[in-house]
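Reading through the structure tokens given below for one structure.
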Number of protein chains: 2
Amino acid sequence: MTTETGPVPRTPLTRDRVLRAAIAIADGGGLGALTMRRLAEHLGAEAMSLYYHVAGKEELLDGVVDVLVGEINEVTGRIGRPAGGWQPAVRATVLAAREVLLRHPWAPRVLESRTRTSPEVLRYYDALLGMMRAGGFSYDLAHHALHALGSRALGFSQELFDPAAGADQPPDAALADLAAELPHLTGMVREIAHDDPGSTLGWCDDQAEFAFALDLILDGLDRLRAAA
Amino acid sequence: MTTETGPVPRTPLTRDRVLRAAIAIADGGGLGALTMRRLAEHLGAEAMSLYYHVAGKEELLDGVVDVLVGEINEVTGRIGRPAGGWQPAVRATVLAAREVLLRHPWAPRVLESRTRTSPEVLRYYDALLGMMRAGGFSYDLAHHALHALGSRALGFSQELFDPAAGADQPPDAALADLAAELPHLTGMVREIAHDDPGSTLGWCDDQAEFAFALDLILDGLDRLRAAA
DNA sequence: CTGTAAGTCTTACAACGTAAGGGAGGCTCC
DNA sequence: GGAGCCTCCCTTACGTTGTAAGACTTACAG
């Protein structure tokens with residue numbers, strides 16, 4: 001028996017739909033959950049159907065980056081020039097970018113892994129450069145500035161170890177032995193735990209540390225600009 | 001027929017031998033070349049034999065990090081305290097660490113991907129902390145300092161886009177259109193290419209940029225130390 | 001009605017990490 | 001000296017991944 005009303009045609013696949021679904025999956029289950037099969041399933045399709053809209057997984061991730069940084073550009077494009085020159089402008093932009101990235105904790109890892117240069121990232125850098133130029137930076141100093149900021153320009157920074165991550169595992173006996181060899185580290189932890197009792201765990205305020213480092217760099221740059 | 005001289009017993013597998021072979025493979029063929037099967041083959045063994053010495057691939061990479069940072073600690077432990085206080089000491093240490101990492105271009109990616117806290121990394125941080133403490137840092141400021149340095153403390157930094165990487169691909173027509181939207185970026189490239197003609201490609205001196213950023217941060221920290 | 005193109009699906013493969021368990025060699029203890 | 005055990009390595013096999021090759025379906029143009 002053939003019914004009059006055929007199967008409802010799903011909303012068709014689109015490159016954009018694919019990219020946004022990929023972001024949704026990574027948001028929900030982390031980067032490891034983002035596989036071509038799961039992505040297809042999420043879209044009510046088969047894995048190989050994705051390849052018509054996206055050349056492969058690498059290209060998919062390239063696209064994801066574009067969408068993500070595009071979102072950042074949209075946000076940062078809306079913040080008007082704050083008063084006070086280049087420094088508040090750059091600061092506000094970077095912190096806004098960070099806010100977007102905080103909603104996608106997996107994003108830094110993807111950003112770092114790209115080899116291709118994203119157009120949206122270029123746009124972002126161009127905006128930063130514009131603020132610095134307007135603030136009196138030479139191209140040369142602005143160039144140094146971008147390198148000095150590194151990934152911090154986009155709102156994230158790589159921590160070599162995350163005390164909070166290790167804090168929940170059992171306090172290893174070998175690690176206790178090790179602590180004896182680390183006088184300064186243990187001293188630091190002890191003092192800060194003393195100042196702020198109740199939280200040896202999570203005792204690093206990521207946001208405050210990020211802002212501290214950002215301002216440190218921006219202040220240094222401004223000094224160089226003024227000296228030039 | 002049984003021969004008197006049996007099959008020569010290969011040098012036995014060892015956790016250390018496994019880790020060092022892993023490093024050798026990554027050095028030679030990149031991180032992608034480092035698979036359990038290839039690693040075993042390199043050692044004249046079967047893949048599953050590795051699992052007696054190493055719990056799994058993640059634990060293998062943890063071990064690789066320990067060996068690598070151990071190498072750094074060995075190198076940086078040998079440099080005597082340079083005259084001039086904490087800043088030259090930290091600077092020399094970080095640059096020495098960088099030199100080691102430059103011999104293993106895949107290492108940053110591994111470092112970043114670890115969740116476990118490496119004992120060797122802790123040792124390294126403790127050494128840095130010691131220099132700062134000796135230079136008059138409070139624990140609080142030293143703590144901020146480590147965060148501000150981030151991955152730069154170990155000698156690498158994440159660049160959001162590597163102009164050299166994209167420089168060899170054909171100058172895309174779409175990218176040419178894009179350039180029109182990026183006045184500051186194109187202006188910067190034009191000027192720097194003018195100052196130093198002959199190399200639009202590879203026009204960023206990574207080593208110089210790294211040192212610039214490092215000094216920028218160290219100078220800023222020293223100012224805070226002096227003000228305290 | 002007949003191409004032709006766009007879009008999706010089926011099938012299949014190689015490579016990966018690793019679980020499960022077998023077996024050889026050497027040690028200790030009766 | 002034999003029994004049992006521990007150390008170390010191997011064989012086999014499974015599930016998952018990205019994706020190459022190509023067949024099918026639908027829509028539309030001539």
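Every heavy atom of this structure was used, including side-chain atoms; hydrogens, water molecules and symmetry mates were not.
In this structure, the CE atom of M48(A) is 11 Å from the P atom of dC9(C), given to the nearest Å. Taking atom OH on Y51(B) and atom C1' on dT18(C), their separation rounds to 5 Å, with Å as the unit. Atom P of nucleotide dT7(D) and atom CG of L13(B) are separated by 16 Å, given to the nearest angstrom. Rounding to whole angstrom units, NZ of residue K57(B) and P of dA15(C) are separated by 15 Å. Distance R15(B) CZ to dC9(D) C1': 18 Å, rounded to the nearest Å. Rounding to whole angstrom units, CG of residue L60(A) and P of dG18(D) are separated by 10 Å. Here dC16(C) presents its C1' atom at 14 Å from CG of L31(B), a figure rounded to the nearest Å. Here the P atom of nucleotide dC16(C) and the CD1 atom of I25(B) are 11 Å apart, to the nearest Å.
Using modelled atom types and a 3.5 Å distance limit, the side chains of Q207(B) and R98(B) yield a donor-acceptor pair.
In the set dT18(C), dT7(D), dT10(C), dT7(D) carries the atom at the smallest distance from any side-chain atom of Y52(B). Side-chain atoms of P12(B) lie closest to dC9(D) of the nucleotides dC9(C), dC9(D), dT11(D). The side chain of A45(A) lies closest to dC9(C) when the candidates are dC16(C), dC9(C), dG18(D).
The closest side-chain heavy-atom distance from S113(A) to R109(B) is below 4.5 Å. Annotation: side chain of W106(A) is in contact with side chain of V64(A) (closest heavy-atom distance under 4.5 Å).
Contact annotation: S49(A) does not reach the phosphate of dG7(C) (side-chain N/O to OP1 or OP2, under 4.0 Å). In this model, the phosphate group of dC16(C) is approached by a side-chain N or O of R38(B) to a distance below 4.0 Å at OP1 or OP2. For the pair R37(B) and dT18(C), the criterion of a side-chain N or O lying under 4.0 Å from OP1 or OP2 is not met. Contact check, H53(A) against dA6(C): no side-chain N or O comes under 4.0 Å of OP1 or OP2.
Counting non-hydrogen atoms under 4.0 angstrom, T35(B) reaches the backbone sugars and phosphates but no base.
Ion pairing between a basic and an acidic side chain is recognised when a charged N comes within 4.0 Å of a carboxylate O; R37(A) and E41(A) show no such pairing.
In this structure a side-chain-to-backbone donor-acceptor pair under 3.5 Å is missing from D62(B) to S118(B).
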